[in-house]
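Here is the structure we will look at.
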Amino acid sequence: MEKNELKHLAIIMDGNGRWAQAKGKKRSYGHKAGADALEKIALHAVDMGIKYLSVYAFSTDNFKRSKEEVDYLMKLFVDNFHSKYNKFDKHGIKVVFSGVTEHLPDDVIESMKAITEKTKNHQNGTLNICLNYGGQEEIIRASERYHEDLNAGKITKEDMNRDKFYEYMDNNLPPIDLMIRTGGEKRLSNFMLYQMMYAELYFIDTYFPDFNADILDDIVNDYYGVDRRFGGINEKKGNS
Ligand code: FPP
């Protein structure tokens, strides 16, 4: 069997809070450890030749958490985008964001713009950070952009199909091949629903701060062996 392609990996980074609480620490300690784990995983994914990595950093619904936790996460984003994630720049990784800036503090928006600008020409890999993001909301934004183009005569109804629609999503990223959710829950939580159509789904109990290169290698090796049929049959295996 031919090896499956792995162009776009997506991760729901869950379990930071429980990881910290199990150690008798505050949830914020887990988020900081999660940010460190993400840095290592993103660098490793590029080394593995994975061109696109999408991660769920903050859902629109996460604003419902305590003010203390939301404030901490916002500060963590600013710190990382301004300084720590300079490593991505050095390794030729382009950083993009999906989601909306509405309700985000100014310093977070400014740090997002800075890292996007600094890395915009990089080509070794793309890290898509979903921040203040919801998957259904992204589909609505895409349909609004499509209707604008339709009204402006830039596209016709006949030109639209499910491949073309990707161009209207936040960053025109390819379909997700493999999605990993850490932390034991088995749901998609409104994450990249359009792009996830034929993704292979892996739900693992490991809390995100403990997620590492070895675990990713094991999952990817398993993924390479999976028979992906995309709704059809595998011709090479026969259809009996
Ligand atoms: C889910 O774990 C995680 C989050 C809501 C935040 C994810 C953020 C990071 C991993 C840090 C990313 C940092 C940057 C700079 C992009 P949870 O808090 O819901 O954990 P729980 O399920 O154990 O409560």
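Numbers for residues simply follow the sequence, beginning at 1. Each ligand, and each atom within it, is numbered from 1 in the order the structure gives.
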Backbone or side-chain N or O of Tyr56 under 3.5 Å from ligand 1 N or O: no

Protein contact to atom 3 (C) of ligand 1 [nearest heavy atom, distance to 0.1 Å]: Met13 O, 3.1 Å

Close approach, Gly183 and ligand 1, non-hydrogen under 4.0 angstrom: no

Close-contact set for ligand 1 against Arg18 heavy atoms, below 4.0 Å: 21 (P), 22 (O), 23 (O)

Under 4.0 Å to a heavy atom of Leu38 - the qualifying atoms of ligand 1, by number: 16 (C)

Heavy-atom gap Gln21 to ligand 1 smaller than 4.0 Å: no

Atoms of ligand 1 close to Phe77 [distance to a heavy atom under 4.0 angstrom, numbered from 1]: 13 (C), 14 (C), 15 (C), 16 (C)

Element-labelled atoms of ligand 1 that are located less than 4.0 Å from some non-hydrogen atom of Asn62: 5 (C)

Hydrophobic cluster (4.5 angstrom, side-chain heavy atoms) - remaining members for Ile140: none

Atoms of ligand 1 close to Ala57 [distance to a heavy atom under 4.0 angstrom, numbered from 1]: 6 (C), 7 (C), 8 (C), 16 (C)

Contacting atoms of ligand 1, where contact means under 4.0 angstrom from a heavy atom of Asn80: 15 (C)

Atom 9 (C) of ligand 1: nearest protein contact (heavy atom, Å): Asn16 ND2, 3.6 Å

Side-chain ion pair, Arg187 and Glu185, N-O less than 4.0 Å: yes

Qualifying residue, where the test is side chain to side chain contact (heavy atoms under 4.5 Å, CB included) with Leu178 and the options are Asp222, Ile11, Val220: Val220

